[in-house]
Amino acid sequence: MFYITTAIDYANGDPHLGHALEKIGADAIARYHRMRGDHVHFLIGMDEHGQKVAQAAAAEGVTPQALVDRVAARFQAMWERLGISNDQFIRTTAPEHAIGVKALIERIFERNPDDFYEKTYAGWYCVGCEAFKTDSEIVNGQCGLHPTRTLEWVEEWNWFFRLSRYRDFLRTHFATHPTFLGPESRRNEILALLDQGLEDVSASRSRLGWGIPFPRATRDGDLQTTYVWFDALPNYLTATGYPDPSYSARWPAQLHVVGKDITRFHCVIWPAMLHSAGLPLPAAVWAHGFVTLAGGERFSKSAGVHVELAEAVERYGPDAFRYFMLREVPFDGDGAFSWERFGERYTADLANAFGNLASRSIAMVERYCAGVVPAGEPNEIDAADAADYARYREAMDGTRGYLLQDALRSVWLTVARGNEYVDRQAPWKLAKDPTQRTALERVLATLIRQLIRQAAHLAPVLPERAEELWRQLGAPGSVHAQRFGAPLAALDPTGWRVIRGDSLFPKEREPVAPSLP
RNA sequence: GGCAGGGUAGCUCAGCUGGUUAGAGCACGGCACUCAUAAUGCCGGGGUCGCGGGUUCGAGUCCCGCCCCUGCUACCA
């Protein structure tokens, strides 16, 4: 079981490039594992509680539930358009989630009763935001969002979780599980944090209305609302059906794909919660970077900055967008989005290099072999490609980190090899000489074998276009049903009937006027 | 402020434990070819390797100082 998750998105706006990057990256990993033969369960979803949602709903004059229903529908529509292959979509407002959260908290109360205790939480409270503010949110002693209001020093009686107790456990876990968190830079940051020591965190809030009731009243009889850590993070667990015993069939998760800004929550608070409850920890957390703009403005989950995601997706289609995001934004760091770059990548990589290689190869099989793929034995081209695919594999399976951009780079090395091979062999010349018939067939068979592998290895990133190429190659079944390794290596296209179709990545269409640099 | 990581061709970056004329892709220029989405292949122009010292026969690659950028430095999801 390969259980992979993305962070759940906060329901206070429309999906943007940052949301999309994370889903696309995780989707590629999930699809890759399916094609390895793993039993994959891919979870994404929404975080729908909290003050900001409640306020946004109030501002619109709708109920919070109505608001999040609408937002969730928009997100789901976008993920569908992008070909995200999630098996499940969890929403924290779902009744089953509340049941799971309550069960998790109760389990901690039972196993480690000392881990929950009551204490006063104190901080600067902004009446306008109806929320506590951190130092970074306070500008000149005022709330950045409500500069005219005065911040009040407010204290409230809350449930706390004894996170501090888990420092040594976490340090040991990081030491004994070197691949628990990647990339390396994020791991080092968390190790530094653990060296500093940990403070306990709030588990409930009294002034928060929109959320899951904390299962136990405080000593003065106050039934509070579960604070974010114990509401949002457990979604990965509650999605398995927890506390139904069947949850153990899926838990623990193999991989949490999250943004670098929430690494700490996933690598410190979440593991501590699980350990306190006596539940196994996820195998790994991968913290990806952000999509930036030329000006350096960044997209994070709730930064509120928007590029027209829909426009970017429709410019060259969902698959091209998926490719651009994963190729241009290194999955272990930040990368910039620009229309110019997008255009260059589309033309150079997708249309000219890959699309055209497919086009010219299929056209020659049709022209010189009546559309039937001739026989041919694997040769030095296959061997060279195999070395590139070995690197592809390492990038996709996380062996040295989920460097998806390197996986794509590797595939494109095989594409370049194919184009070079065609020019060197010049099949159009061989075709003019009947005595060169065997050589011609060998060349064309080699090209088709290359395309088979390219289609398969690109299927996780270009699910729809790879399938279309598969169809044009006259290959049986679906490209997504292929299995990496021996089965793919043994696949012989001899006798397939190619079906020349439209260009995989057409260039003629005139781009819409860009709205961004 | 502290800790960490960076500043290499127009752009994005590779350059391992110091060693012949500093590399790749894209972009740009020329040539070749015609199967192909005027695509592809080949060749080429282009870099004070952030700045200043130092060690060394020799430094992008080590040491010191400085400048600049980014991340982290916990209760916003």
Side-chain angles (χ1 to χ4, degrees), chain A residues 7-13 46-53 92 121 123 129 131-137 158 160-161 163 184-186 188-193 195-203 205 227-229 231-232 259-265 268-269 287 289-290 292 294 296 298 300-303 327-330 333-336 338 340-341 344-345 347-368 405 409 412-413 416 418-431 440 443-444 447 500 502-508:
Chain A
I8 47 177
D9 299 315
Y10 197 54
N12 68 341
M46 305 294 296
D47 177 8
E48 304 182 323
H49 287 135
Q51 210 59 44
K52 289 180 183 174
V53 164
T92 57
Y121 178 82
C129 295
F132 287 98
K133 301 269 115 181
T134 62
D135 290 346
S136 60
E137 293 173 310
N158 289 155
F160 271 73
F161 175 65
L163 179 65
E184 195 71 23
S185 54
R186 300 299 148 203
N188 291 337
E189 286 174 3
I190 296 299
L191 290 176
L193 180 77
D195 284 343
Q196 288 175 38
L198 299 175
E199 290 174 23
D200 295 341
V201 294
S202 297
R205 276 293 150 79
Y227 196 49
V228 56
W229 320 125
D231 181 337
K260 65 183 183 183
D261 55 335
I262 52 175
T263 314
R264 203 179 57 233
F265 311 146
V268 176
I269 300 178
F290 292 133
T292 62
R298 82 178 193 183
S300 61
K301 282 182 63 178
S302 57
R327 181 66 184 80
E328 195 71 11
V329 183
D334 296 350
S338 81
E340 183 186 12
R341 198 77 175 154
E344 287 174 1
R345 284 278 180 207
T347 302
D349 296 358
L350 295 174
N352 293 354
F354 179 53
N356 187 53
L357 177 63
S359 178
R360 65 199 304 204
S361 301
I362 292 171
M364 285 189 282
V365 169
E366 203 150 72
R367 186 160 171 168
Y368 303 134
Q405 71 279 13
R409 203 194 324 261
W412 254 262
L413 287 176
N419 277 317
E420 184 188 329
Y421 179 72
V422 177
D423 274 42
R424 284 246 166 80
Q425 302 298 320
W428 47 92
K429 286 181 181 168
L430 299 175
L440 170 66
V443 170
L444 297 185
L447 291 172
R500 202 173 174 204
D502 295 335
S503 296
L504 292 173
F505 301 98
K507 272 197 305 193
E508 73 276 12

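Each chain gets a letter, A, B and so on, in the order its sequence line appears, and its residues count up from 1. This is a predicted model, so every value here is computed, not measured.
- When the C1' atom is used for both B:G50 and B:U73, the distance is 27 Å, rounded to whole Å.
- A donor-acceptor pair under 3.5 Å is absent between the side-chain atoms of A:Ser361 and the main chain of A:Leu447, judged by distance alone.
- Residues satisfying the salt bridge (charged side-chain N to carboxylate O under 4.0 Å, His left out) test with A:Asp502, not counting sequence neighbours, are none.
- Between B:A14 and B:C49, the distance separating the two C1' atoms is 13 Å to the nearest Å.
- Within the nucleic acid shown, A:Gly197 comes within 4.0 Å of at least one base atom, counting heavy atoms only.
- At a threshold of 4.0 angstrom between heavy atoms, the contacts of A:Gln196 are confined to the sugar-phosphate backbone, with no base atom among them.
- Looking at residues two or more places apart in sequence or on another chain, you find a ring pair (Phe, Tyr, Trp, His ring centres under 6.0 Å) between A:Phe160 and A:Tyr117.
- Within 4.0 Å (heavy atoms only), A:Arg345 reaches no atom of the nucleic acid at all.
- Proximity of A:Arg327 to the phosphate of B:G25: no side-chain N or O atom is located under 4.0 Å from OP1 or OP2.
- Applying the side-chain contact (heavy atoms from CB on, under 4.5 Å) test to A:Thr347 and every residue at least two apart in sequence or in another chain returns A:Asn352, A:Lys507.
- Residues meeting the side chain to side chain donor-acceptor pair (under 3.5 Å) test with A:Arg409, sequence neighbours left out: A:Asp406.
- When heavy atoms are screened at a 4.0 angstrom cut-off, A:Tyr368 is found touching the sugar-phosphate backbone but no base atom.
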Check nucleotides 40-42 of chain B for protein N or O atoms closer than 3.5 Å to its own N or O atoms and list the pairs.
unit_1 : atom_1 : unit_2   : atom_2 : d
B:U40  : O2'    : A:Arg360 : NH1    : 3.2
B:U40  : O2'    : A:Asn419 : O      : 3.4
B:U40  : O2'    : A:Asp423 : OD1    : 3.1
B:U40  : O2     : A:Asp423 : OD2    : 3.1
B:G41  : O4'    : A:Asp423 : OD2    : 2.8

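- For A:Arg345, the salt bridge (charged side-chain N to carboxylate O under 4.0 Å, His left out) test picks out A:Glu328, A:Asp349, with sequence neighbours left out.
- Proximity of A:Arg264 to A:Leu193: side-chain heavy atoms (C-beta onward) are separated by under 4.5 Å at one or more points.
- Rounded to the nearest Å, the gap between the P atom of B:A36 and that of B:U48 is 44 Å.
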Can you pull every protein N or O that's under 3.5 Å from an N or O on nucleotides 5-9 of chain B?
none

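- One finds no side-chain N or O of A:Lys429 lying less than 4.0 angstrom from the OP1 or OP2 phosphate oxygen of B:C33.
- Residue A:Arg409 is out of contact with every strand shown, counting any heavy-atom pair closer than 4.0 Å.
- Checking the phosphate oxygens (OP1, OP2) of B:A74, no side-chain nitrogen or oxygen of A:Arg264 falls inside 4.0 Å.
- With sequence neighbours left out, the salt bridge (charged side-chain N to carboxylate O under 4.0 Å, His left out) criterion links A:Glu344 to A:Arg341.
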Return a table of donor-acceptor pairs under 3.5 angstrom between the side chains of residues 422-429 of chain A and protein atoms on other chains or two or more places apart.
unit_1   : atom_1 : unit_2   : atom_2 : d
A:Asp423 : OD1    : A:Arg360 : NH2    : 3.0
A:Arg424 : NH1    : A:Glu420 : OE2    : 2.4
A:Arg424 : NH2    : A:Glu420 : OE2    : 3.4

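- Residue A:Gly355 is classed as a base contact, given a heavy-atom separation below 4.0 Å to a base.
- Evaluation of the side chain to side chain donor-acceptor pair (under 3.5 Å) rule for A:Ser359 yields no partner, not counting sequence neighbours.
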Checklist entry - Can you give the dot-bracket line for RNA chain B, using ( ) for pairs inside the strand, [ ] for pairs that cross earlier ones, | for pairs with another strand and . for unpaired bases, where Watson-Crick and G-U count if both distances are under 3.5 Å? => result (((((((..((((.....[...)))).(((((.......))))).....(((((..]....))))))))))))....
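- Base engagement by A:Leu504 is indicated by at least one non-hydrogen atom pair under 4.0 Å involving a base atom.
- For A:Tyr121, the ring pair (Phe, Tyr, Trp, His ring centres under 6.0 Å) partners are A:Phe132, not counting sequence neighbours.
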